[in-house]
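The analysis underlying the following values was restricted to heavy atoms, covering all of them including side chains, and did not include hydrogens, waters or symmetry mates. This is a predicted model, so every value here is computed, not measured.
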Amino acid sequence: MLHLKILLALCVSGLASALYAGDSSVVAETTGPLTLRRAVALALVHHPDLAVFAQEIRIAEARRIQARLPVNPAVHVRIEDVTGSGAFRSGDRTESTLELAQVLELGGKRPKRTRAALHGRELAEWDYAAKRLEVATKTTQAFVALLGTQRRLLLARETFTLAEKFAPLAQERVDAGRASPLEVSRASLARASARIVVEQEKGQLAVARKRLSAQWSSTSPRFSDAVGDLEFLHDELPGLSAATGELRNNPRLARSETEDAQRAAQLASERAKAWPDLTLNGGVRRREETGDATAVLGFSLPLPLLNRNQGGIAEARAALEKTRDEQRAAAVHLNTALAIAYEELEDAEIQIKEYRASVLPQIDESYRLSNEGYEAGRFSYLEVLDARRSAAEARAQYLDALVRYHSAAAEIEGLTARTLTPSLTP
């Protein structure tokens with residue numbers, strides 16, 4: 001519970017800064033390298049969805065203020081016998097009555113609706129906390145995707161550089177009569193294909209940059225590149241059972257107690273409406289004929305014979321049951337999402353370690369030997385192409401595993417509302 005209070009305090013303080021900040025449309029985005037910490041900070045300040053919650057808090061607070069206000073008193077003025085026939089023609093017998101009426105809400109209506117409105121503000125704060133976690137998670141995943149795209153572009157450029165290097169070598173072998181002219185065509189085709197891949201990766205990089213900068217409402221990224229270490233792996237990852245226990249830290253579940261209390265308060269408020277309100281009247285009456293004044297008193301009380309707010313009570317009761325069903329569904333959804341994220345992370349980790357231990361060293365060695373053999377005239381260009389293709393596929397799969405690993409780790413952090421360990425530190 002202490003963790004939840006700290007989390008909520010941080011979120012509310014963040015919201016307060018958003019409420020009273022100046023023009024939030026000016027994004028203080030860096031023009032140099034961008035770190036994950038900076039990206040998340042920008043998103044938490046400038047994400048368009050978070051700005052909505054500033055208004056939601058204001059709305060909830062306004063409802064709380066309105067709920068605690070009593071019913072206004074009313075002034076009644078009545079003038080009788082102003083004119084008529086016979087003795088009343090002259091208007092000398094006019095009677096003027098001035099009354100003050102006050103409705104007294106019975107059944108505890110005002111404190112009960114105030115309590116329900118207060119829980120409404122707390123729910124808005126929980127929703128804000130949940131959205132902040134979601135924004136941080138999505139920003140981290142977009143950052144990881146950008147790091148992967150940058151690496152893929154780098155690999156594509158390396159492949160293109162090697163293709164350019166082999167093109168003249170193939171021509172030399174043909175000129176020396178040691179290879180078929182077909183090798184020149186293959187080398188040219190490989191170079192053209194490598195150039196196309198580079199252009200494709202450039203396009204993917206531009207898209208990934210825009211997706212990340214959209215997290216802080218920027219349509220034109222200004223940062224140079226994302227910096228982070230995709231090779232980092234968490235040393236001490238909590239088990240699935242331990243992480244499942246930490247799901248209670250997720251605001252979507254932590255808010256359930258407040259939401260249940262609000263629905264119960266709304267039900268109590270609707271039940272209180274079954275009590276009729278008492279209206280007290282008091283004032284003074286003046287008789288023009290004698291100049292005398294008299295006091296008048298009265299009250300009115302509706303008889304709850306037909307309308308006892310049966311529909312409102314039934315609606316509030318159904319809303320309470322609906323809320324509890326939604327809470328159970330949310331718990332199932334979060335548990336499932338956590339299990340999937342853990343499965344994805346563990347699968348990616350196994351793949352990463354396998355590639356590091358055996359696949360990448362073997363691929364690199366095979367690729368090196370094929371290049372040396374081709375330059376020495378022992379291998380054909382077709383064998384070099386096959387080795388290059390295998391190396392490129394292996395590196396791409398390894399990079400994909402790294403991206404999946406860190407994306408799943410970000411998902412786990414978001415679901416459990418905690419940070420595993422510092423990651424992606426350049």
Side-chain angles (χ1 to χ4, degrees), residues 11 14 18 24-53 128-156 200-234 250-252 337-338 340-342 344-345 348-349 352 396 398-426:
C11 291
S24 61
S25 62
V26 180
V27 180
E29 181 182 333
T30 180
T31 56
L34 180 70
T35 63
L36 174 60
R37 183 184 297 273
R38 179 60 178 165
V40 172
L42 284 170
L44 291 179
V45 173
H46 298 287
H47 195 282
D49 289 348
L50 290 177
V52 174
F53 286 91
Y128 176 67
K131 192 62 182 182
R132 280 177 64 89
L133 275 179
E134 180 184 336
V135 167
T137 299
K138 298 300 182 184
T139 302
T140 301
Q141 291 174 332
F143 187 88
V144 169
L146 177 56
L147 287 179
T149 305
Q150 290 178 169
R151 283 274 294 270
R152 280 192 292 272
L153 177 58
L154 182 60
L155 292 175
Q200 289 176 337
E201 293 299 337
K202 284 182 179 179
Q204 292 299 317
L205 179 63
V207 171
R209 285 170 58 84
K210 287 182 179 294
R211 283 177 177 167
L212 177 59
S213 64
Q215 292 296 110
W216 53 83
S217 303
S218 173
T219 56
S220 300
R222 299 172 57 196
F223 62 90
S224 58
D225 56 349
V227 290
D229 183 14
L230 279 176
E231 301 291 337
F232 170 87
L233 298 182
H234 297 286
N250 189 297
R252 289 182 59 189
L338 183 63
I340 293 174
Y342 255 87
E344 183 75 10
L345 184 139
E349 184 176 15
I352 290 169
Y398 173 67
L399 180 57
D400 179 66
L402 288 173
V403 171
R404 288 192 295 112
Y405 176 89
H406 287 288
S407 181
E411 186 72 17
I412 293 171
E413 290 177 345
L415 290 171
T416 57
R418 72 190 295 269
T419 300
L420 300 176
T421 53
S423 60
L424 298 176
T425 302

Within this structure, what is the OG1-CG distance for the pair T139 and L212, rounded to the nearest 0.5 Å?
7.0 Å

Please step through side-chain contact (heavy atoms from CB on, under 4.5 Å) for the pair L42 and Q215, ending with a clear verdict.
CA-CA 8 Å; L42 284 170; Q215 292 296 110; over 6 Å; no

Would you name the heavy atoms of A43 and L50 that are closest together and state the gap between them?
O-CD1, 3.8 Å

Residues forming a side chain to side chain donor-acceptor pair (under 3.5 Å) with E134, sequence neighbours excluded
K131

Any sub-3.5 Å donor-acceptor pair from S407's side-chain atoms to V403's backbone N or O?
no

side-chain contact (heavy atoms from CB on, under 4.5 Å) between I352 and Y398, worked out
CA-CA 6 Å; I352 290 169; Y398 173 67; 3.8 Å; yes

Between I412 and Y342, does a side-chain contact (heavy atoms from CB on, under 4.5 Å) hold up when you go through it step by step?
CA-CA 7 Å; I412 293 171; Y342 255 87; 3.5 Å; yes

Distance-only check: which donor-acceptor pairs under 3.5 Å involve side-chain atoms of residues 144-154, not counting sequence neighbours?
residue : atom : partner : partner atom : Å
T149    : OG1  : A145    : O            : 2.9
T149    : OG1  : R152    : NH2          : 3.2
Q150    : OE1  : A226    : N            : 2.8
Q150    : NE2  : A226    : O            : 2.9
R151    : NH2  : E231    : OE2          : 3.2

Between G414 and T137, the two heavy atoms sitting closest are CA-OG1, 3.2 Å

Quick one: closest heavy-atom pair of A401 and A348, and the distance?
O-CB, 3.5 Å

Can you name the residues that form a salt bridge (Lys or Arg N to Asp or Glu O under 4.0 Å) with K210, not counting sequence neighbours?
none

Here the pair of heavy atoms bringing A214 nearest to P48 is O-CD, 4.3 Å

Checking the side chain of H406 only, and the main-chain atoms of F232 only, is there a donor and an acceptor separated by less than 3.5 Å?
yes

Enter the distance from L36:CG to T140:OG1 here, rounded to the nearest 0.5 Å.
4.5 Å

To the nearest 0.5 Å, what is the distance between CD on E201 and CG on L155?
8.5 Å

Check V40 against A136 and note the closest heavy-atom contact, atom names and distance.
CG1-CB, 4.1 Å

With sequence neighbours left out, the residues meeting side chain to side chain donor-acceptor pair (under 3.5 Å) with S213 are none

For D400, give me all partners under side chain to side chain donor-acceptor pair (under 3.5 Å), at least two apart in sequence or on another chain.
R404

S220 backbone acceptor or donor facing R209 side chain under 3.5 Å
no

Taken in chain and number order and not counting sequence neighbours, the residues that satisfy side chain to side chain donor-acceptor pair (under 3.5 Å) with E411 are Q141

Interatomic distance, L230 atom CG to Y405 atom OH [nearest 0.5 angstrom]
11.5 Å

For T416 versus L338, what's the shortest heavy-atom pair and its separation?
CG2-CD1, 4.2 Å

